[in-house]
Amino acid sequence: MSSLMSFSSSSSPSRPRTWRYSVFTSFHGPDVRKTFLSHLRKQFNTNGISIDVSNKLNATIVSNDFEDMVGIEAHLEKMQSLLHLDDEDGVMLVGICGPAGIGKTTIARALYSRLSSTFQLSCFMENLRESCNSGGLDEYAFKQSWAPYGFENLAERATELCSNLPLGLRVMGSMLRGKKEDDWESMLQRLEKSSISKIDALLRVGFDSLHESDQTIFLLIAVFFNYEDDGHVKTMLADSGLDVRLGLKTLAYKSLIHLSTKGEIVMHKLLKQVGIQAIQRQEPRKRQILIDTDNILDALENDFGNRSLMGISFDISTIKDSMDISPRALKRMRNLRFLWIYNSRWDTNVRVHVPEDMDFPPRLKLLHWEEYPGKCLPHTLRPENLVKLYLEEIKLKHLWKGTQPLGNLKKLNLNSSYNLEELPDLGNATNLEILDVCKCQSLVEIHSSVGNLHKLEKLKMNYCGKLQVVPSLFNLASLQSVSIAGCYQLRKFPDISATITELKIVDTMLEELTASIRLGSRLEDLYIVGSVIPNEYFLTHPHVARLMLERSGADIERLPDCIKDLHCLEDLFIIGCPKLVSLPELPRSLTRLVVWNCESLETLVPFPSDSQIFILFFPNCFKLGPEARRVIIQQRSCHQFLPGRDIPAEFTHRAIGKSLTITSNACGGFKMCVIFSPKSEMGDAIDIDLMCRISINGCPKENCIVSLLGGVRSEHLAIFYSEILREYDEVEQYSEMLFEFSSSTQEIEIIECGVQILVEETSSEQVLDNDNGSLADESFELDASRVKIIDDLHGSLEFDASRVDTDDALLDASSTSQQQKPGIASLDNAK
C-alpha cells in the first residue's frame with residue numbers, strides 16, 4: 001500500500017475554518033490489511049503530527065518528473081475522483097493495494113506531487129514498515145524517533161540484525177549511542193560476518209565491549225543475583241574490589257540489565273545465557289566463577305580451587321555418583337564469597353558428603369545450601385560476613401550454640417528444616433530483614449531475641465506444626481508481613497505491630513486479633529487459611545496432611561464482625577474453610593475478594609454502592625444461595641468467578657460453544673461470560689487462563705485474558721468486564737463484533753459464552769438489546785504482538801499451587817515475576 005497525507009482549509013471568511021484530511025498510507029508486508037489503522041496511528045505519533053504538525057509537515061520534497069510516465073495519468077484521475085476534493089467537511093482514507101513492484105508508491109508520489117501545493121500543510125510518508133521497525137532502535141541510539149541524515153541505512157541494517165527483537169534493539173541502540181558512522185559500519189560488519197546467530201553475536205559483542213570489572217559484575221548477576229534487590233547486590237559486592245556503583249550504571253546504560261519497579265536488578269534470559277557461555281569460554285584455572293560440574297568436582301574433591309575464585313553455583317543433581325568434599329578444599333578458596341549449592345530435580349538421593357571438620361572460607365557472604373548433609377554446621381563457619389544464609393531441607397537440629405557475630409546478616413531462610421528443634425539467639429542479627437522458618441515441623445519456640453529485631457520486615461512461620469510460643473512483635477516498627485497459617489498448636493496469638501500490611505493466619509485465630517490491629521491497622525492483605533488445602537500438597541508434604549487431620553473439626557463458621565474495621569484492607573483471601581457459612585460486612589476499601597474451597601458458604605452482605613471491588617472469585621463454593629449469587633454477578637465493573645452452569649439472564653447475546661458474533665451500535669463497556677467444565681478431575685496446580693479475542697468489523701481490536709484459580713470440580717462461570725468500546729472512535733453504528741474464547745489448558749471445555757453490552761446513561765448503565773449472534777466454535781491463536789496490560793494484577797496471591805514443592809506451603813511463594821494474583825489483563829493493538 002502507498003501513502004499520501006494532505007491537510008486543507010477553507011478560505012471562506014463567512015464560515016468557521018474547517019480542516020480536511022486526505023490520507024494515503026504506504027505499507028509493505030502481508031500484515032497491514034489487518035492492522036492498517038494501528039500502523040497509521042503509530043506513524044502519526046512517530047512523526048509528531050499530533051504534537052507539532054508544523055515541524056513535520058511541508059518537510060518532504062517529491063519530484064515532479066511524472067508527466068512522461070506511460071499510463072500514470074489514468075491512475076491519477078481515478079485517485080482524484082476517489083478523494084472527493086470538493087467535500088470540505090469530509091475526511092477521506094484511500095488505500096492502493098496490489099503486488100510488490102507494480103507502482104503503488106509511484107502513483108502515491110505522483111498524486112502527492114500534483115496536489116500538495118493546494119494544501120496548507122502536507123507530508124509524504126514512505127516505507128512505514130521500515131520506519132516503524134527502526135523506531136525502537138532510533139529511540140535508543142539517537143534519543144529520537146528517526147535516524148539523523150547519513151544514518152538511515154545504518155539504522156535499517158542494525159534493525160535487521162536485531163531481528164526486530166526489543167532486547168536486541170535496546171542493546172544495539174545503547175551500544176551504538178553517540179558513535180560515529182565509521183564506528184557503526186565496523187560494528188555492523190563484524191556482526192554480519194559472525195558465524196553464530198545475529199542476536200547471539202550482538203549480545204556477545206555487548207558483553208565483550210565492557211571493562212573487565214564490569215564483565216565480572218555482569219557474570220555475578222547472571223549466576224547469583226538476577227531478580228535480586230539493587231541494594232542487596234551492592235551489599236553483596238561491597239569490598240570486592242569492584243566499582244559496583246559505576247558498573248551497575250554502565251550495565252543499565254548499555255541495556256544489559258534494567259531495574260524493575262520493585263527495585264530489582266533484572267537481566268534477560270538471553271543475556272544470562274551470554275554470561276554462562278562467557279564463563280565456559282574462560283580457561284578453567286583462571287575462572288572466578290565455577291558452574292560446570294566437572295570443574296566443581298575437581299575443585300572440591302581434589303583441592304584444585306584457585307585463590308581468585310569468587311563464586312560456585314553447583315547443581316548436585318548433575319552428579320553421577322556420590323562425592324566427598326575435601327576438608328581443606330573450601331579453605332583454599334580464600335576469596336570465595338558466594339557458595340550456591342542446589343538440587344534442581346529435587347532428588348532425595350544424598351550425593352554430597354561433608355566432613356565434620358570441613359573449613360569454610362572466611363569471606364563468605366552468601367551461603368545457599370539445599371539439603372545440607374551434615375548433622376551440624378562446622379565450627380569453622382565464621383558468619384560475621386554472611387549477608388544471606390539459606391539452608392532449606394537440612395537435617396540439622398541446631399544451627400550453632402550461643403551467640404554469633406551476625407551484624408551483616410539480612411536474610412535467614414531455614415524453610416522445610418524438619419528436624420530443627422530450636423532457633424539460635426539472633427540478638428546480634430541487628431540488620432536481619434527476613435526470617436523464614438516455614439514447615440520446620442520440630443520447632444517449638446521462636447527465640448525471644450526475634451522480638452527485638454527492629455529491622456525485621458518479614459517473619460514466615462507457616463505450618464510449623466509443633467510451634468507453641470512466639471514472642472511479642474509489638475515493638476517491631478519495620479515489620480510488614482507475618483505468616484502463621486498452619487500453626488495449630490500456637491498457644492496465644494502474638495502481639496503484632498500495627499505497622500504490618502500483610503497477615504496470614506489460621507482461621508481460628510481471627511477472634512484474637514488485637515485492638516491495635518482492628519482499630520489502627522495498616523493491614524492491606526489478609527489471608528485466612530482453614531483445613532482444606534490442595535491434594536498435590538498432601539502428596540509432597542505428608543506431615544502437613546497429618547497436621548490437617550489432627551485439627552479437623554476446628555474450622556470457623558463465620559468471620560468476626562470486627563473485620564469491617566480494617567479500613568486499609570484491599571485484598572482478602574479465604575482458603576479452605578469448609579464450615580464457613582456466611583460473610584459479614586467487609587471494609588469499603590476492599591478491592592479483591594477470593595474465597596476458595598469454602599463449600600458451605602451460602603450468604604454474604606451486599607457491597608456498598610461506592611465499592612471499589614473489582615475481583616470476586618468463589619471457586620468451589622457450591623452452596624452459594626440465589627441472593628449471594630445475585631450480589632456477586634451484578635457487581636458493576638467487576639470480574640467474577642463462581643460455580644454455575646447457566647449464563648445469567650442479563651447476558652442477552654449468547655451462543656453455544658466458543659465464539660459469538662453480534663451487531664450493535666454500542667459505544668460503552670461490556671461484560672463477557674463463559675461457562676466451562678473440567679474434562680476430568682482437575683489438579684489444583686493447573687493454571688486456568690481464559691482468553692477472548694475481540695474483532696470489530698473484521699479488525700482485531702483487543703485480546704483479554706482472565707487468570708483464574710485451578711482445581712475446580714464442576715462447571716464454573718467466569719465474568720469479566722472491559723471498556724474497549726469506549727476506546728475506539730471508529731466503532732460505527734451497527735458494527736459487527738466477534739468474540740472468540742479460548743483456554744490455556746486442555747483440562748477444561750468451554751461450553752457456552754455470552755455478552756452483555758452496557759451503555760452509560762446519566763448515572764446508570766443501560767443494557768442494549770441488539771442481538772444476535774452467529775455461532776462458531778473455532779479456536780484461535782493469541783496474537784502476542786498486541787500486548788498491553790490494562791490492570792496489573794500479577795502480584796501475590798501467594799497460594800500458587802504449581803510451586804508448593806519449592807515454596808512455603810500455600811502461602812509463601814517468593815515474590816518473583818512468576819507469581820500471579822487472579823485477575824484480568826488485556827492484549828491490545830497499538831492505539
With sequence neighbours excluded, tell me which residues meet ring pair (Phe, Tyr, Trp, His ring centres under 6.0 Å) with Phe360.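 Listed in chain order: nothing, the list is empty.
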Quiz prompt | Audit row: Ile528, Leu572, side chain to side chain contact (heavy atoms under 4.5 Å, CB included) steps and yes/no | solution = CA-CA 8 Å; Ile528 302 168; Leu572 176 58; 4.0 Å; yes
To the nearest 0.5 angstrom, please state how far the [atom1] atom of [X] sits from the [atom2] atom of [Y].
X      : Y      : atom1 : atom2 : value
Phe573 : Leu593 : CZ    : CG    : 9.0 Å
Ser449 : Asn428 : OG    : CG    : 9.0 Å
Asp495 : Leu473 : CG    : CG    : 8.0 Å
Leu569 : Leu586 : CG    : CG    : 8.5 Å
Asn419 : Leu396 : CG    : CG    : 8.5 Å
Asn620 : Asn597 : CG    : CG    : 4.5 Å

- [ ] Give me the ring orientation class for Trp340 and Phe224: parallel if the planes are under 30° apart, tilted from 30 to 60°, perpendicular past 60°.
- [x]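 Correct class here is tilted.
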Handout entry: Main-chain N/O of Met358 paired to Thr380 side chain as donor or acceptor, under 3.5 Å
Key =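 Yes, the answer is positive, given that a donor and an acceptor are paired below the 3.5 Å cut-off.
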Quiz item: Okay, side chain of Ser344, backbone of Ser317: is any donor-acceptor separation there less than 3.5 Å?
Solution: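 No; judged by distance alone, with no hydrogens or angles, the pair does not exist.
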Identify the heavy atoms of [X] and [Y] that sit nearest to each other, and give their distance.
X      : Y      : answer
Glu599 : Lys623 : O-CG, 3.3 Å
Cys440 : Ser416 : SG-N, 4.5 Å
Met509 : Ile484 : SD-CD1, 3.7 Å
Pro643 : Cys621 : CG-O, 3.5 Å
Leu366 : Leu386 : N-CD2, 4.2 Å
Tyr488 : Gly530 : OH-O, 3.4 Å

| So Leu583 and Ile574, side chain to side chain contact (heavy atoms under 4.5 Å, CB included) or not? Walk me through it. | CA-CA 10 Å; Leu583 295 182; Ile574 305 172; 3.8 Å; yes
> Within 45 degrees of the axis of the six-membered ring of Tyr463 and under 6.0 Å from its centre: does Lys439 put its NZ or CZ there?
Replying inline: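 No cation-pi geometry.
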Practice item. Run the numbers on Asp425 and Thr403 for side-chain hydrogen bond (donor to acceptor under 3.5 Å, both in side chains), then give the verdict. Key: CA-CA 6 Å; Asp425 186 338; Thr403 60; 5.7 Å; no
Sequence neighbours left out, what passes side chain to side chain donor-acceptor pair (under 3.5 Å) with [X]? Give chain and number order.
X      : value
His368 : Glu370
Glu422 : His398
Asn431 : Lys455
Thr318 : Thr293

Worksheet item: Do Ile563 and Leu526 pass the side chain to side chain contact (heavy atoms under 4.5 Å, CB included) test, and can you show the C-alpha distance, the side-chain angles, and the key distance before you say yes or no?
Response: CA-CA 10 Å; Ile563 199 169; Leu526 177 60; 4.0 Å; yes
Is Lys365 salt-bridged to Asp239, going by a charged N under 4.0 Å from an acidic O?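 Here Lys365 pairs with Asp239 in a salt bridge, since their nearest N and O are under 4.0 Å apart.
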Point to revise | Charged N-O contact under 4.0 Å between Glu384 and Arg382 | key: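 Yes.
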The single option from Lys411, Lys410, Lys234 passing salt bridge (Lys or Arg N to Asp or Glu O under 4.0 Å) against Glu228 |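 Of Lys411, Lys410, Lys234, salt bridge (Lys or Arg N to Asp or Glu O under 4.0 Å) with Glu228 is met by Lys411 alone.
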Is atom NZ of Lys331 surrounded by more than 12 heavy atoms (other residues, nucleotides or ligands) closer than 6.0 Å?
->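 Result for NZ/Lys331: open.
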*asked:* Can you confirm whether more than 12 heavy atoms, excluding those of Gln612, are under 6.0 Å from its CD atom?
replied: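 No, not enclosed.
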Task: Qualifying residues under salt bridge (charged side-chain N to carboxylate O under 4.0 Å, His left out), relative to Glu445, sequence neighbours excluded - done: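 With sequence neighbours excluded, Glu445 shows a salt bridge (charged side-chain N to carboxylate O under 4.0 Å, His left out) to no residue whatsoever.
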Would Leu435 and Leu423 satisfy side chain to side chain contact (heavy atoms under 4.5 Å, CB included), going step by step from the backbone distance to the final call? CA-CA 11 Å; Leu435 175 59; Leu423 281 180; 4.3 Å; yes
